[in-house]
Asks: 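Here it is, the structure in full.
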Amino acid sequence: MNIEEKIELIQEGTLEIIDVDELKEKLEKEHPIAYTGYEPSGKIHLGHAVTIMKLKQLQDLGFKIKILLADYHAFLNGKGTVEEIAETAEYNKRCFQGLGLADDTEYILGSSFQTGSEYTNDVYQLATLTTLKRAKRSMDQVSRHDDNPKVASVVYPLMQTADMSALEVDVALGGMEQRKIQMLARENLPRIGKEAPVCIHTPLIHGLDGDDKMSSSKGNYIAVDDDEKTIKDKIKKSYCPMGETEGNPILEIADHFVFSQQDTLLIERPEKFGGNLELNKDELYTMYGEENLHPMDLKNAITQYLIDFLKPVREFMESQE
RNA sequence: CCCGACUUAGCUCAAUUUGGCAGAGCGUUGGACUGUAGAUCCAAAUGUUGCUGGUUCAAGUCCGGCAGUCGGGACCA
């Protein structure tokens, strides 16, 4: 596979690559490093899984993958005590493994290096280069809501910047909510004499309730280790307007998790409603948009697909207990 | 360190000048209507009133102490 073909693959399902020419250079390396950081979270859901799927693809293309279990970041963001977060991080690691990342994926706990002297120096350097306004703004989509925002919330993006240097990453992958932090990092790293990584952003998927963002705090997610019944119940209750192809969480799940794995989706429906269908992505969107496919039939198909898709994750997690 | 204000359901807030059964909206849950969900309609659940001591027949309400948050003042050789 040549570099152009690789780039085409990487672009699938991403909103932006900043920038593509730099990515070409990175792809000439033997084993470029790609990283994503996750705040340890009580549940790993399909939103997280969008980025994990992309990391798996990068892995197949020869990247070395580093996953930052960002325990300090979670701590700074008010998610609990360091001890609680460490436990959650261990659980999250199993979720990521269960989603199929290769065994040589490196899982790194933030606290294992984020107090080092060189690292700390980087953070202080960055602190002198970053205005409060800019740092706060970068946290718009990331910061947990707080009526009394703490200094911690502006240290957060500086640490995320320093992470990229400390982990020697070539590519930083994240959901679109990370964009402002990543852009700040790209701007500041050269100013402290470090190289900025290529930034790749994936779309956020809508919550099952139709909310802008699937998030563990809102309970509008499907967790990667949800069991069959839970998946059924959650999809059944999901927002899914007839004919609506924008902001429809069920179609988004089809997009990111079905059509990234296979070309067509089998939709089983009773004869009286037209009988079974096998549709590719374009056909599905067209047919749904024209109201020729009922939401319930779509939901049933996605429910069954997700049950099968997440089954190995669940089994892996159980085998680890 | 000093002064003041605030703290009530998951969230936002009510609860009369003058102590008398702690409420609403939103959210949540259930039902109706739809071959899904939502919208709409109907119904239901939910409280250590920040903690603590006191006054009183009776305290969310009055008094004392503590804590948290916010604001101001003071300190600045």
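Quick caveat, the model's predicted, so the values are computed rather than measured. Just so it is clear: chains get the letters A, B, ... in the order the sequence lines come, proteins before strands, and each one is counted from 1. Reckoned from all heavy atoms, side chains included, excluding hydrogens, waters and symmetry mates.
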Asks: Which residue pairs pass the side-chain hydrogen bond (donor to acceptor under 3.5 Å, both in side chains) test with at least one member in residues 234-250 of chain A, sequence neighbours excluded?
Replies: A:D226-A:K234
Asks: Expressed in angstrom and rounded to an integer, what is the separation of A:L251 atom CG from B:A37 atom P?
Replies: 17 Å
Asks: Measure CG/A:L208 against C1'/B:A37 and give the value in whole Å, please.
Replies: 10 Å
Asks: So what does the secondary structure string of RNA chain B come out as, 5' to 3', with Watson-Crick or wobble pairs under 3.5 angstrom, [ ] for crossing and | for pairs with another strand?
Replies: (((((((..((((......[..)))).(((((.......))))).....(((((..]....))))))))))))....
Asks: Expressed in whole Å, how much space separates the C1' atoms belonging to B:U8 and B:G60?
Replies: 7 Å
Asks: If we take the P atom in both B:A9 and B:G23, what is their distance in whole Å?
Replies: 14 Å
Asks: In whole Å, what separates the C1' atom of B:G10 from that of B:U55?
Replies: 35 Å
Asks: Counting primed atoms plus P, OP1 and OP2 as sugar-phosphate and everything else as base, spell out the protein contacts along nucleotides 26-36 of chain B at 4.0 Å heavy-atom distance: B, S or - for each nucleotide, 5' to 3'.
Replies: ---S-----BB
Asks: Strictly under 6.0 Å, is that where the ring centroids of A:Y119 and A:F113 end up?
Replies: yes
Asks: Taking 4.0 angstrom as the limit, do A:K24 and A:E4 come out as a salt bridge?
Replies: yes
Asks: Is the shortest heavy-atom distance from the side chain of A:H45 to the side chain of A:V224 under 4.5 Å?
Replies: no
Asks: When rounded to the nearest Å, what value does the distance between P atoms of B:C51 and B:G4 take?
Replies: 23 Å
Asks: Write down the distance separating the P atoms in B:G19 and B:U61, rounded off to the nearest Å.
Replies: 12 Å
Asks: Rounded to the nearest Å, what distance is computed from the NE2 atom of residue A:H206 to the C1' atom of nucleotide B:A37?
Replies: 15 Å
Asks: What pairs meet the side-chain hydrogen bond (donor to acceptor under 3.5 Å, both in side chains) rule with one or both residues in residues 51-63 of chain A, with sequence neighbours excluded?
Replies: A:Y38-A:T51, A:K54-A:Q57, A:Q59-A:T105
Asks: Quick one: hydrophobic cluster around A:L204, which other residues, with the 4.5 Å side-chain cut-off, linked directly or via members?
Replies: A:L15, A:M176
Asks: Tell me which pairs pass side-chain hydrogen bond (donor to acceptor under 3.5 Å, both in side chains) where either residue lies in residues 270-280 of chain A, with sequence neighbours left out.
Replies: A:T264-A:E278
Asks: Once you measure the plane-to-plane angle for A:F309 and A:Y305, does it fall in the parallel (<30°), tilted (30-60°) or perpendicular (>60°) bin?
Replies: parallel
Asks: Expressed in whole Å, how much space separates the C1' atoms belonging to B:U34 and B:A14?
Replies: 37 Å
Asks: Measure from CG on A:D233 to C1' on B:A37 and round the result to the nearest Å.
Replies: 14 Å
Asks: Determine the Euclidean distance between corresponding C1' atoms of B:G30 and B:A67; express it in Å to zero decimal places.
Replies: 40 Å
Asks: Specify the separation, in whole Å, of atom CG of A:N248 and atom C1' of B:G38.
Replies: 11 Å
Asks: Provide the distance between the two C1' atoms, one in B:A15 and one in B:A22, to the nearest whole Å.
Replies: 7 Å
Asks: Is A:D170 paired with A:K26 through a side-chain N to carboxylate O contact shorter than 4.0 Å?
Replies: yes
